[in-house]
A.B. asks: 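Got a structure for you, written out below as structure tokens; questions coming shortly.
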2 protein chains.
Amino acid sequence: MSDLRTVPTLDDVARAAGVSTATVSRCLNSPERVVEQTRKRVMSAVEALGYTPNFGARVMAAKRTFTIGAIIPTMENAIFARGLQAFQEELHARGYTLLVASSAYEPKIEEDQIRALVARGADGLLLIGQDRDPEIYDYLKARSIPVLSAWVYFPNSGRPTVGFDNRQSMRALAQQVIDFGHRQIALISGITKGNDRAAARLAGLRDALSANGLDPIAMPVIETPYEIENGAVALQTLMQADTRPTVVMCGNDVLAVGALRGARDLGLSVPEDVSITGFDDIELARIVAPQITTVHVPHREMGRKAAIALIDMVEKRGTGDTIELKSKVQLRDSLRDLTC
Amino acid sequence: MSDLRTVPTLDDVARAAGVSTATVSRCLNSPERVVEQTRKRVMSAVEALGYTPNFGARVMAAKRTFTIGAIIPTMENAIFARGLQAFQEELHARGYTLLVASSAYEPKIEEDQIRALVARGADGLLLIGQDRDPEIYDYLKARSIPVLSAWVYFPNSGRPTVGFDNRQSMRALAQQVIDFGHRQIALISGITKGNDRAAARLAGLRDALSANGLDPIAMPVIETPYEIENGAVALQTLMQADTRPTVVMCGNDVLAVGALRGARDLGLSVPEDVSITGFDDIELARIVAPQITTVHVPHREMGRKAAIALIDMVEKRGTGDTIELKSKVQLRDSLRDLTC
DNA sequence: AAGAGCAGTGTAAGCGCTTACATTCAATTC
DNA sequence: GAATTGAATGTAAGCGCTTACACTGCTCTT
């Protein structure tokens, strides 16, 4: 291959094909508006020159970037990986590119990232959860950039969401735990401030306690960032209390796996000495021994539907539908049935 | 907040501050060239109007996108997550944005993704490994887009790499295995075609065998995509052979974790009945019981250094240095010392 | 057979920014 | 004090593309 001195432009193609730049542009963007014969000529010129449209110029002229931004709290563990993968596959299939950033669960960083993505011309944004400074929503609205919140389901928030009901899900899991005879329940939660999923899960657990005549206030709760190590430490703290819990429920599977290791390090067996539950049903939950009882979330489906919904908002200028997905309690070995 | 009718432009800011657009542009891009007083005035106008530069226009005028593209084989497991996270943090700190795509280990898809990233104006590209169609390198060269290969170290390839020597690393691990008295060694490898890391690891293992008077040809090898399930299946196949291996080495930790589960399902204990080793030292390796003996790779350091090196290449401060990072055998419980 | 209608194509005006070059003016030099 | 210098700022030419609008030469109407 020869070393091209410069990258060819629309103009070069037009000249080579003996047409105007407008025709070349049309060939590329709405081929049906150009007659077959011309189109062929143009396309072979494109081919011959190895022409690729200049992204910046196209963005500027068309005022569309075909870019969707997504900001997730973390890339370091698999919580969002599968959903995001599906999201990106669906976007790709529809001609969009995904721009990912992560916020490390920091609202400040998230805000920066939102601005960065907007500055880069993202046509739409996928965010996780809904709990953020209203000013950000104003900012996005002023620029008419559609936003979709995933991983949550809030039908009455006035903003579209695609996800599942974290509160109900946790409540359902807790009900199961209670039905299994557990009364001494403790929770290792993620940080609830600025994290509506974590907050909802905590609330759901309390709902279940109240509904079963147990005191939600008395329940020991440790809030800690979603990291395996933190789960281990938290479990050890909980097990040193005067009245040991019979079950330690965790805000997600990452904490649960940590708790499992913490128990192991303490010489406790799970679920004989203490039961552990998780949330999310990421691969991790099935890899460890015992496998972790958790709430299964349809990650891939969520990612796919989020992509479809968001593109819809971008293209149809629709306001965006809220979509509810169903989660499901996934019983495994880490939860002991005390009633047997 | 009021609903802005239109997004403010450089011109609006210039008018509001009573200066020319050039001055505003300079305030934003090289503030030291504008006198303090003016700069302050401009900045408060920027603030007041909520101005954000238009990405497309900036790209077009500056012929730079401040975007770095990265194509990784997969986002679905954690192999690349940590390194990529560090990569993106470093980029962000230096004013660049990361565009990530994944290829599903398919050369065809990777090629598409490369073209897509280039079309979007990526200033530089991070790829994993070096084994790909030379035509792609020509294509990138013609557009003078710097490329850096990570996760490998090939000092004499003529292209910059940032990573570790997969072959030597595997050889070192294998030497340890042999020193522990293992003679019946089997390998569950990733697919080596188009994957120089997998190929190098296989080669390194063979090196060690030869160096110790063992027959590299006789070693059972199963090649399979990097998925937990595949590791489980492969282990079971290997254990059904006439002469059972005393150790099953795996191309990475994902396969090793799968192998571990496969052993468990077969009722075998690790490492009593069979030893297992991994590669990469991702979090997974420490979560499972027993913890997996593996090769530790400095993921975060690799990501950070890759970012620095690539930006260097983009900004023409260098042609791209090859950087070697040191891996390290990480002994854990899944490998039994037969000599005791 | 003249006009209407329309498909196919061309012309040219931006899109919002960066930056080379031009201009201004105060400080410095001789 | 005139000339020189250089820092600070302004002017305006693109960057490569899309698209509104204009134009051309058909095929239909009536």
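Worth knowing before you read on, the calculation uses all heavy atoms, side chains too, and leaves out hydrogens, waters and symmetry mates. As the structure is a prediction and not an experimental result, all values here were calculated from the model. By convention in this document, chain letters (A, B, ...) are assigned in the order of the sequence lines, proteins followed by strands, and residues within each chain are numbered from 1.
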A.B. asks: Looking only at side-chain N and O atoms, does T23(B) come under 4.0 Å of OP1 or OP2 in dG10(D)?
C.D. replies: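 Answer is yes, contact under 4.0 Å.
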
A.B. asks: Quick one: Q37(A) CD to dC26(D) P, roughly how many Å, whole number?
C.D. replies: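 Answer to the nearest Å: 14 Å.
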
A.B. asks: How long is the line joining CZ of R41(B) and C1' of dG10(D), in whole Å?
C.D. replies: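 Computing the R41(B):CZ to dG10(D):C1' distance gives 13 Å.
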
A.B. asks: Could you state the CZ-P distance from R26(A) to dG16(D), rounded to the nearest angstrom?
C.D. replies: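 It works out to 21 Å between those atoms.
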
A.B. asks: Can you tell me if R33(B) touches the phosphate of dA8(D), counting only side-chain N or O atoms and a distance under 4.0 Å to OP1 or OP2?
C.D. replies: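 Answer no for this pair, as no side-chain N or O of R33(B) is under 4.0 Å from OP1 or OP2.
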
A.B. asks: Considering only side-chain heavy atoms of M60(A), which listed nucleotide, dC15(C), dT18(D), dC17(C), is closest?
C.D. replies: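 So the nucleotide nearest the side chain must be dC15(C).
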
A.B. asks: Do E89(B) and R300(B) meet the salt-bridge criterion of a basic N to acidic O distance under 4.0 Å?
C.D. replies: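 Between E89(B) and R300(B) there is a salt bridge, with a charged N closer than 4.0 Å to a carboxylate O.
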
A.B. asks: Could you say whether K63(B) or V34(B) is positioned toward the 5' end of DNA chain D, judged by the nucleotide with the nearest heavy atom to each?
C.D. replies: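 The answer here is V34(B).
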
A.B. asks: Whether R15(A) and D11(A) form a salt bridge (side-chain N of Lys/Arg under 4.0 Å from carboxylate O of Asp/Glu) is what I want to check.
C.D. replies: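 Judged by the 4.0 Å cut-off on N to carboxylate O distance, D11(A) and R15(A) do form a salt bridge.
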
A.B. asks: For the side chain of A62(A), counting heavy atoms from C-beta on, which of dT11(C), dT11(D), dT18(D) is nearest?
C.D. replies: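 The answer is dT18(D).
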
A.B. asks: Which part of the nucleic acid does S25(B) contact within heavy-atom distance under 4.0 Å: base, sugar-phosphate only, or nothing?
C.D. replies: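 The residue S25(B) makes base contact.
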
A.B. asks: Nearest to the side chain of V19(A), which nucleotide is it out of dG10(C), dT18(D), dC17(C)?
C.D. replies: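 Output: dG10(C).
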
A.B. asks: OP1 or OP2 of dT18(D) versus the side-chain N and O atoms of N29(A): is any pair under 4.0 Å?
C.D. replies: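 Indeed, a polar side-chain atom of N29(A) lies that close.
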
A.B. asks: When you get a sec, tell me which of dT9(C), dG14(C), dT18(C) is the closest nucleotide to the side chain of A61(A)?
C.D. replies: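 Comparing dT9(C), dG14(C), dT18(C) against the side chain of A61(A), the answer is dG14(C).
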
A.B. asks: What's Y51(B) touching, base or sugar-phosphate or nothing? Going by heavy atoms closer than 4.0 Å.
C.D. replies: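 The answer is sugar-phosphate, as Y51(B) gets under 4.0 Å only of primed atoms, P, OP1 or OP2.
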
A.B. asks: Choose from dT11(D), dT18(C), dC17(D) the nucleotide whose nearest atom is closest to any side-chain atom of A22(B).
C.D. replies: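 My answer, after comparing the listed nucleotides, is dT11(D).
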
A.B. asks: Does dG16(D) have OP1 or OP2 under 4.0 Å away from a side-chain N or O of T9(A)?
C.D. replies: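 Checking T9(A) against dG16(D): no side-chain N or O falls below 4.0 Å of OP1 or OP2.
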
A.B. asks: Would you tell me whether Q113(B) and S103(B) have side-chain atoms, one donor and one acceptor, within less than 3.5 Å of each other?
C.D. replies: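 No, no side-chain donor-acceptor pair sits under 3.5 Å.
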
A.B. asks: Closest-nucleotide mapping onto DNA chain C: is G56(B) or T21(A) further toward the 5' terminus? I mean the 5' end.
C.D. replies: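 Mapping each residue to its closest nucleotide by heavy atoms, the 5'-most match is T21(A).
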
A.B. asks: What is the distance, to the nearest angstrom, from the CG atom on D11(B) to the P atom on dG10(D)?
C.D. replies: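 It works out to 13 Å between those atoms.
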
